[in-house]
Structure formats: structure tokens, C-alpha cells
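For clarity, every value in this text was computed on a predicted model and none was experimentally measured.
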Amino acid sequence: MGKIVFYEEKNFGGRHHECMSDCSDLQSLFDRCRSIRVENGMFMIYDRPGYAGTPFFMRRGEYSDIMGMSGMKDCVRSCRMIPMHRGNFRIRLYENQDMRGEMKELTEDCPNLTDRIHHTNSCEVVDGHWLMFEQPNYRGRQFYLRPGQYRSYSEWNGSTPRVGSIRRLMDL
């Protein structure tokens with residue numbers, strides 16, 4: 001079971017709201033969010049309602065000032081809990097849309113995908129939950145992928161087929 005707490009002020013001050021599941025619209029619950037505490041589990045937070053906009057991965061820990069994190073602003077508007085996965089991890093990356101062209105299958109984290117596949121225009125998450133990054137070494141914009149088929153990079157919120165690295169989501 002996951003639990004994330006949003007605070008209106010830095011250093012866990014001001015009003016707060018606890019969330020233990022997906023919430024597509026946090027806008028009515030608080031005006032702003034300046035700090036976050038993830039007590040259990042893993043979450044993706046977004047700066048727009050409906051799991052849209054800039055995504056950011058949150059694991060168990062304390063984030064006393066989210067405005068300084070990776071371009072995140074004070075407007076957390078939705079969050080999605082990432083279910084715990086026990087078992088194997090497997091993802092298939094395809095060079096072309098609609099799962100066509102060269103395919104690479106991964107079962108482990110990969111800090112530099114450009115060594116393995118030129119472009120990633122579609123993918124299929126067979127097992128587990130994954131986090132894609134636009135740049136190598138787990139940097140840049142993040143994209144959360146749960147099991148299923150993504151026939152085009154636009155389906156995982158990507159604005160470009162550039163994928164530099166990928167990581168399995170495990171509660172470490």
C-alpha cells in the first residue's frame with residue numbers, strides 16, 4: 001500500500017493532503033505544493049490534471065523543496081500510484097511505430113539505450129513497470145510505462161522518439 005503526503009509549504013509546513021491511490025485531479029484539495037513526503041510505495045506526480053503534463057517519479061523519502069527538483073513547479077495536479085511488481089521485468093522496444101522494425105528486448109536497466117537501438121518509436125511492456133528517460137544515465141524528462149502496448153511514442157506522453165535510458169521500477 002502506498003502513501004504520499006502533499007504539503008503547501010516547504011519543509012512540510014502548512015496544510016497537507018494524504019493520498020493512497022491514484023488521484024486524477026488534486027486541484028480542489030490544495031492551492032500549491034512545495035514539499036512532499038512519500039511514506040510508502042512509489043508514485044508519479046504530474047503538473048496537470050488527468051496524469052498529463054510534466055511527470056516526475058517519487059519513491060519513498062522526503063522532498064522538502066520540490067521547486068528545486070527537475071523543473072517541477074509548485075502545481076502538482078495529479079498523482080498515480082505505481083503498483084508493486086514482484087517477478088520478472090521485460091520490455092520490447094521497437095524502432096518504428098506500431099511495433100515494427102528492429103526490436104530489442106530488455107530485462108534489466110539500461111543507462112544508455114543509444115548503444116542498443118537508434119530510435120524508440122513504440123514499445124510493449126510485457127512484465128513490470130518501467131521509467132523511460134529522454135537522456136542517457138537516467139536524466140531528463142521521465143515517462144512512466146505500465147504493462148501494455150504503446151504503438152507510438154505519443155502514447156507515453158513523449159513529444160519525441162528520443163529515449164536515452166530506461167529503468168525498472170522497484171521499491172528499493
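N121 places a side-chain N or O within 3.5 Å of a backbone atom of E95 that can act as its donor or acceptor partner. In terms of modelled atom types and a separation under 3.5 Å, the side chain of D47 and the main chain of T54 share a donor-acceptor contact. Checking side-chain atoms of S78 against main-chain N and O of R48 turns up a donor-acceptor pair under 3.5 Å. In this structure, D25 contributes its side chain and Q27 its backbone to a donor-acceptor pair below 3.5 Å. The main-chain N or O of F57 is found under 3.5 Å from a side-chain atom of Q142 such that the two form a donor-acceptor pair. A donor-acceptor pair under 3.5 Å is formed between the side chain of S165 and the backbone N or O of Y138.
Between E8 and R32, none of the side-chain N atoms (NZ, or NE/NH1/NH2) sits under 4.0 Å from a carboxylate O, so this pair counts as no salt bridge.
Pairs of residues two or more places apart, or lying in two chains, that qualify as ring-ring contact (aromatic ring centres under 6.0 Å, His included) and include a residue from residues 99-129 are H129-Y144. Residue pairs meeting the side-chain hydrogen bond (donor to acceptor under 3.5 Å, both in side chains) criterion with at least one partner in residues 98-109, sequence neighbours excluded, are R92-E105, E102-K104, E108-R168, D109-R168. Under the salt bridge (charged side-chain N to carboxylate O under 4.0 Å, His left out) criterion, no residue pair touches residues 142-154, with sequence neighbours excluded.
Under the rule for a ring-ring contact (aromatic ring centres under 6.0 Å, His included), the partners of Y7 that lie at least two apart in sequence or sit in another chain are F12, H16. Considering only residues two or more places apart in sequence or on other chains, S24 meets the side-chain hydrogen bond (donor to acceptor under 3.5 Å, both in side chains) condition with none of them. Not counting sequence neighbours, F43 has no partner by the ring-ring contact (aromatic ring centres under 6.0 Å, His included) test.
Within a 6.0 Å radius of CG in N137, other residues, nucleotides and ligands contribute more than 12 heavy atoms.
In this structure the side chain of F6 never reaches within 4.5 angstrom of the side chain of E18, judged on heavy atoms. Inter-residue side-chain proximity for R141 and P55 is flagged as met; some heavy-atom pair is nearer than 4.5 Å. Annotation: side chain of C123 is in contact with side chain of L145 (closest heavy-atom distance under 4.5 Å). Residues Y51 and D22 meet the side-chain proximity criterion, which asks for heavy atoms closer than 4.5 Å. Inter-residue side-chain proximity for V163 and T114 is flagged as unmet; no heavy-atom pair is nearer than 4.5 Å. Taking the side chain as every heavy atom from C-beta outward, I91 and I166 approach each other to under 4.5 Å. Side chains of I36 and V5 form no contact here, defined as non-hydrogen atoms less than 4.5 Å apart. Side-chain contact between T120 and Y94 is absent, with no heavy atoms from C-beta onward closer than 4.5 Å.
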Walk me through whether L131 and M44 qualify under side chain to side chain contact (heavy atoms under 4.5 Å, CB included).
CA-CA 10 Å; L131 195 59; M44 290 301 294; 3.9 Å; yes
Side chain to side chain contact (heavy atoms under 4.5 Å, CB included) evaluation trace for L93 with M99:
CA-CA 8 Å; L93 307 173; M99 271 75 77; over 6 Å; no
Output, in order, the C-alpha distance, side-chain angles, deciding distance and verdict of side chain to side chain contact (heavy atoms under 4.5 Å, CB included) for Y46 and R77.
CA-CA 6 Å; Y46 303 85; R77 297 297 181 226; over 6 Å; no
Please step through side chain to side chain contact (heavy atoms under 4.5 Å, CB included) for the pair R34 and N11, ending with a clear verdict.
CA-CA 8 Å; R34 298 273 169 85; N11 298 312; over 6 Å; no
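With values rounded to the nearest 0.5 angstrom, W156 atom CH2 is found 4.0 Å from M132 atom CE. Between Q135 atom CD and L113 atom CG the span is 13.0 Å, to the nearest 0.5 Å. Within the model, atoms CZ of R80 and SG of C23 stand 11.5 Å from one another, a figure rounded to the nearest 0.5 Å. If you take SG on C19 and CG on L29, they are separated by 8.0 Å, rounding to the nearest 0.5 Å. Atom CE of residue M103 and atom CD of residue E124 lie 9.0 Å apart, to the nearest 0.5 angstrom. Put simply, NE2 on H17 and CG on L26 are 6.0 Å apart, with the number rounded to the nearest 0.5 Å.
Closest approach of W130 and D127 over heavy atoms only: NE1-O, 3.2 Å. Considering all non-hydrogen atoms of both residues, M81 and M20 come closest at SD-O, 3.7 Å. Residue S122 comes nearest to S152 through the heavy atom pair CB-N, 4.2 Å, listed as atom of the first residue, atom of the second, then distance. Between C79 and I4, the shortest heavy-atom distance links the atoms SG-CG2, 4.5 Å. Contact record, V38 with Y63: CG2-CE1, 4.1 Å, taken as the closest heavy-atom pair. Residues G13 and S35 approach most closely at N-OG, 4.3 Å, considering heavy atoms.
Hydrophobic cluster membership differs between Y150 and V126, with clusters built from Ile, Leu, Val, Met, Phe, Trp and Tyr side chains linked at under 4.5 angstrom.
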